[in-house]
Amino acid sequence: MNPAPSPPSSVPTRAWLLGALGVLAFALSVPMTRLATGSVELPGLPPLFVGIARCAIAGALAAAYLLAVRAPWPTPMQWRWLLAMTVGVVFGWPVLLALAVREVDAVHASVLSGLLPLATAAMAVGLLRERAPWRFWFWALVGLALVLVYAFLRGAGRPVPADGVLLLAVLLAASGYVAGTRLTRWLSMPPEQVISWGVLIWWLPCLVWCVWQWPSQPVAAVHWLGLGYVGVVSSWLGFFAWYRALALGGALRVGQLQVAQPFLSGSLAVPLLGEALDSLTGLFLLLVIFTVLMGQRAKHRS
């Protein structure tokens with residue numbers, strides 16, 4: 001096995017800017033998925049349809065892009081990591097998120113998704129051979145404990161099933177982020193081609209499934225708008241900036257920008273969906289962000 005490339009000694013400004021753009025794009029994923037699926041009381045598109053249709057949309061755009069740039073065919077090793085990435089970011093996160101936000105509001109989901117930066121960093125330590133001190137792991141455990149306490153309190157003494165679904169979605173998304181980083185830093189695949197090949201792998205099966213499962217009842221335009229965003233931006237364009245940022249600055253360090261993602265998601269859900277940010281959720285949102293910030297500020301070494 002080839003030795004792991006060393007992370008840059010300092011993160012270039014371009015990496016921070018691209019990372020911030022990616023975080024902003026992904027921050028809208030939770031409220032826009034909620035917009036697409038609706039709620040139990042006011043249903044929109046079926047959650048499974050939303051999770052798979054966003055891949056079909058992104059795959060069509062990716063096919064046009066790969067043809068336009070005349071992208072070379074991936075190597076066998078690249079194919080293996082592309083498949084690993086798709087488990088997390090093409091299916092795991094989109095489908096599980098769509099199922100979860102049908103049961104809980106977007107602000108609630110934003111608190112649990114706040115663990116994504118720590119999960120990404122932990123995956124980077126395990127899969128990319130990056131290292132973190134004990135202080136990082138301490139704050140990671142504190143963050144996990146806070147999320148579990150929040151789920152316990154909001155569930156009237158017990159976590160609701162959607163909380164477990166969201167935690168699994170976070171783990172799968174983190175693994176997908178790290179697999180994409182490995183493709184860009186270890187296996188020399190341009191970041192834009194990483195996500196494009198990833199969604200293209202499953203494009204035809206997803207397209208056929210969507211045609212077969214097309215909603216038989218009329219669906220309001222606002223739900224299609226939410227699907228359009230997660231299909232174009234959350235599943236494709238957002239990764240252009242995000243994977244490029246991770247490749248330039250490393251998953252362990254640039255990933256700290258995700259500390260703002262749950263706050264942005266929760267804040268944007270209020271005007272977009274008319275949700276309320278109650279005091280309990282606001283408190284735990286700030287606490288989770290604080291633990292992520294402290295964990296990411298711990299001195300990392302490669």
Side-chain angles (χ1 to χ4, degrees), residues 16 19-35 93 97 100-101 103-124 132-160 162-171 173-174 177 234 238 242 245 251-300:
W16 292 123
L21 183 60
V23 166
L24 180 60
F26 295 144
L28 276 166
S29 295
V30 174
M32 283 300 185
T33 300
R34 171 80 170 181
L35 188 66
W93 170 259
L97 176 64
V101 297
E103 306 296 328
V104 298
D105 57 41
V107 174
H108 180 119
S110 298
V111 175
L112 272 69
S113 66
L115 285 178
L116 187 53
L118 291 178
T120 301
M123 293 282 183
W134 67 267
R135 294 184 301 278
F136 167 80
W137 298 111
F138 169 77
W139 288 109
L141 291 175
V142 171
L144 177 60
L146 284 171
V147 165
L148 294 177
V149 170
Y150 172 78
F152 182 84
L153 294 175
R154 284 298 297 262
R158 60 180 178 82
V160 297
D163 293 328
V165 173
L166 282 166
L167 289 176
L168 180 58
V170 165
L171 291 176
Y177 287 169
S234 301
W242 185 241
L252 201 57
R253 279 177 279 191
V254 175
Q256 70 182 289
L257 287 172
Q258 286 181 305
V259 68
Q261 191 166 317
F263 179 77
L264 289 172
S265 293
S267 300
L268 291 169
V270 174
L272 285 174
L273 304 175
E275 295 183 3
L277 184 61
D278 60 80
S279 57
L280 178 66
T281 300
L283 173 62
F284 274 87
L285 186 59
L286 291 175
L287 289 174
V288 169
I289 290 174
F290 175 75
T291 60
V292 173
L293 184 60
M294 294 302 295
Q296 295 290 351
R297 287 184 62 185
K299 184 180 179 181
H300 302 301

| message | Testing the basics here: between A162 and V104, what is the closest heavy-atom pair and its distance to 0.1 Å? | response | CB-CG1, 3.9 Å
| query | Do you know which two heavy atoms are closest between T281 and Y150, and how far apart they sit? | reply | OG1-OH, 3.0 Å
| Rounded to the nearest 0.5 Å, what separation is found between the CG atom of L97 and the CE atom of M32? | 13.0 Å
| query | Just wondering, do M123 and Y177 contact through their side chains at under 4.5 Å, heavy atoms? | reply | no
| task | Find out whether V142 and L146 are in side-chain contact, i.e. whether some heavy atom of one side chain is under 4.5 Å from a heavy atom of the other. | result | yes
| Minimum heavy-atom separation for S265 to A27, with atom names? | OG-O, 2.7 Å
| query | Can you tell if the side chain of V23 reaches within under 4.5 Å of the side chain of L264, non-hydrogen atoms only? | reply | yes
| query | Which distance, rounded to the nearest 0.5 Å, do you find between the OG1 of T33 and the CG of L28? | reply | 10.0 Å
| task | For the residue pair V170 and W93, establish whether any side-chain heavy-atom pair is separated by less than 4.5 Å. | result | yes
| request: Starting at CG of L115, measure out to CG of L171 and round the result to the nearest 0.5 Å. | output: 8.5 Å
| E275 side chain to D105 backbone, donor-acceptor under 3.5 Å | no
| said: Using every non-hydrogen atom in the two residues, find where L272 and P31 come nearest and quote the distance to one decimal. | reply: CD1-CB, 4.4 Å
| How close do V165 and A100 get, heavy atom to heavy atom, and via which atoms? | CG1-CB, 4.1 Å
| request: Work out which heavy atom in F284 is nearest to a heavy atom in V149; give both atom names and the distance. | output: CZ-CG1, 3.7 Å
| query | Could you give the distance from CG (L116) to OG1 (T120), rounded to the nearest 0.5 Å? | reply | 4.0 Å
